[in-house]
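Residue numbers start from 1 in every chain, and the chains themselves are labelled A, B, ... in the order their sequence lines are given, proteins ahead of strands.
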2 protein chains.
Amino acid sequence: MESPTLDELTLLHANVCQALGDPKRILILYALHEQPRHVSLLADDLDMPQPTVSRHLAILRQRALVTTQREGTAVIYHLADSRIINILNNMRQVLRDAIAHQTTLLS
Amino acid sequence: MESPTLDELTLLHANVCQALGDPKRILILYALHEQPRHVSLLADDLDMPQPTVSRHLAILRQRALVTTQREGTAVIYHLADSRIINILNNMRQVLRDAIAHQTTLLS
DNA sequence: TCCATGTATTCGTGTACGCGAATACATGGA
DNA sequence: TCCATGTATTCGCGTACACGAATACATGGA
């Protein structure tokens, strides 16, 4: 494992942010924080097709935002780092404050 | 200004994350945190074409991540909320830790 | 081995993004 | 008004993403 240059780190950084840039993935991360789950259960709970959930989980896994653990035929997904939820919550608060300052976000 | 539903908030949340999901925009935000600047100076400092910087700034402005202030013909861009930098730094730390745990992020 | 359960992948399609190049627009001074 | 400076937008193109549908793959039990 090499130590990445600043540009490489910025690129990885952007990749992680991009992974967060989809509403379904945000819902998935919050759901996994509440309780690790296997794919089908997650699909049921969030009312999404199983292949859709699987694809999004693959992206999150590739970006190291979630981890997996096999259990028979099922694969349990966990949030990789609970600080991710803190980050998401912080962003949400900044967003709420921005809305409160009557920007044109909702147009 | 209405208060958004959970889904609307999640969508706005994703929009903000998506705005962070580009390496050039991350560099722009860090640069603006260091010092508010007008577009051309930012373009010079970051070695990007002026239209490119302008387009990225428009996206960041639309997502309420930066604010503007006219000064003659120039437009000074400011970071809207310094907490954004905290968030980015936190993400970067999580990313560094993930790399240290030898995931396959660099493949 | 065959089947059931659960997960991942492929295919085709429509949409959205990012860019370089060129150009339009806005502001202020002569 | 005309020009210079600085900023925003349009156009065309190539790429990347997200989806539904269908299907392939993996695991464990009978």
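Annotation: side chain of A:D22 is not in contact with side chain of A:I59 (no heavy-atom distance under 4.5 Å). A:H38 places none of its side-chain heavy atoms less than 4.5 Å from the side chain of A:V75. The shortest distance between side-chain heavy atoms of A:L32 and A:L60 does not fall below 4.5 Å. In this structure the side chain of B:L42 never reaches within 4.5 angstrom of the side chain of B:Q50, judged on heavy atoms. A 4.5 Å side-chain heavy-atom check between B:M48 and B:K24 finds at least one atom pair inside the cut-off.
As rounded to whole Å, 15 Å separates atom P of D:dT9 from atom NE2 of B:H56. Nucleotide C:dA16 holds its P atom 12 Å from the CG atom of B:N15, rounded to whole Å. As rounded to whole Å, 10 Å separates atom P of D:dG20 from atom CE of A:M48. Residue B:L57 contributes atom CG, which lies 16 Å from atom C1' of C:dC19 at whole-angstrom precision. Residue B:D47 contributes atom CG, which lies 13 Å from atom P of C:dC19 at whole-angstrom precision. Taking atom CD on B:Q62 and atom P on C:dG18, their separation rounds to 12 Å, with Å as the unit. Regarding B:L11, its CG atom lies at a distance of 12 Å from the P atom of C:dA16, rounded to whole Å.
Sorted by first then second residue, the side-chain hydrogen bond (donor to acceptor under 3.5 Å, both in side chains) pairs that include residues 27-37 of chain A, not counting sequence neighbours, are A:Y30-A:N89, A:R37-A:D45.
B:H56 meets the side chain to side chain donor-acceptor pair (under 3.5 Å) test with B:R25; sequence neighbours excluded. Remark: B:S82 engages no residue in a side chain to side chain donor-acceptor pair (under 3.5 Å) (not counting sequence neighbours).
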**Request:** Quick one: the dot-bracket string of DNA chain C, using Watson-Crick and G-U wobble pairs with both distances under 3.5 Å, [ ] for crossing pairs and | for bases paired to another strand.
**Result:** ||||||||||||||||||||||||||||||
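Contact annotation: B:T52 reaches the phosphate of C:dG20 (side-chain N/O to OP1 or OP2, under 4.0 Å).
Formation of a donor-acceptor pair under 3.5 Å by the B:R83 side chain with backbone atoms of B:I85 is not found in this model. Formation of a donor-acceptor pair under 3.5 Å by the B:R70 side chain with backbone atoms of B:G72 is found in this model.
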Return the polar atom pairs (N/O with N/O) between nucleotides 10-17 of chain D and the protein under 3.5 Å, or none.
none

Could you go through nucleotides 4-7 of chain D and list every protein N or O atom that sits under 3.5 Å from one of its N or O atoms, giving the distance for each pair?
{"from": "D:dG6", "atom 1": "O4'", "to": "B:T73", "atom 2": "OG1", "distance (Å)": "3.3"}
{"from": "D:dT7", "atom 1": "OP1", "to": "B:V39", "atom 2": "N", "distance (Å)": "3.3"}
{"from": "D:dT7", "atom 1": "OP1", "to": "B:V75", "atom 2": "N", "distance (Å)": "3.1"}
{"from": "D:dT7", "atom 1": "OP2", "to": "B:S40", "atom 2": "N", "distance (Å)": "2.9"}
{"from": "D:dT7", "atom 1": "OP2", "to": "B:S40", "atom 2": "OG", "distance (Å)": "2.4"}

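Between A:L65 and the options A:D81, A:L79, A:L20, a side-chain contact (heavy atoms from CB on, under 4.5 Å) holds for only A:L20.
If B:T68 and A:G21 are placed on DNA chain D by their nearest nucleotide, the residue sitting closer to the 5' end is B:T68.
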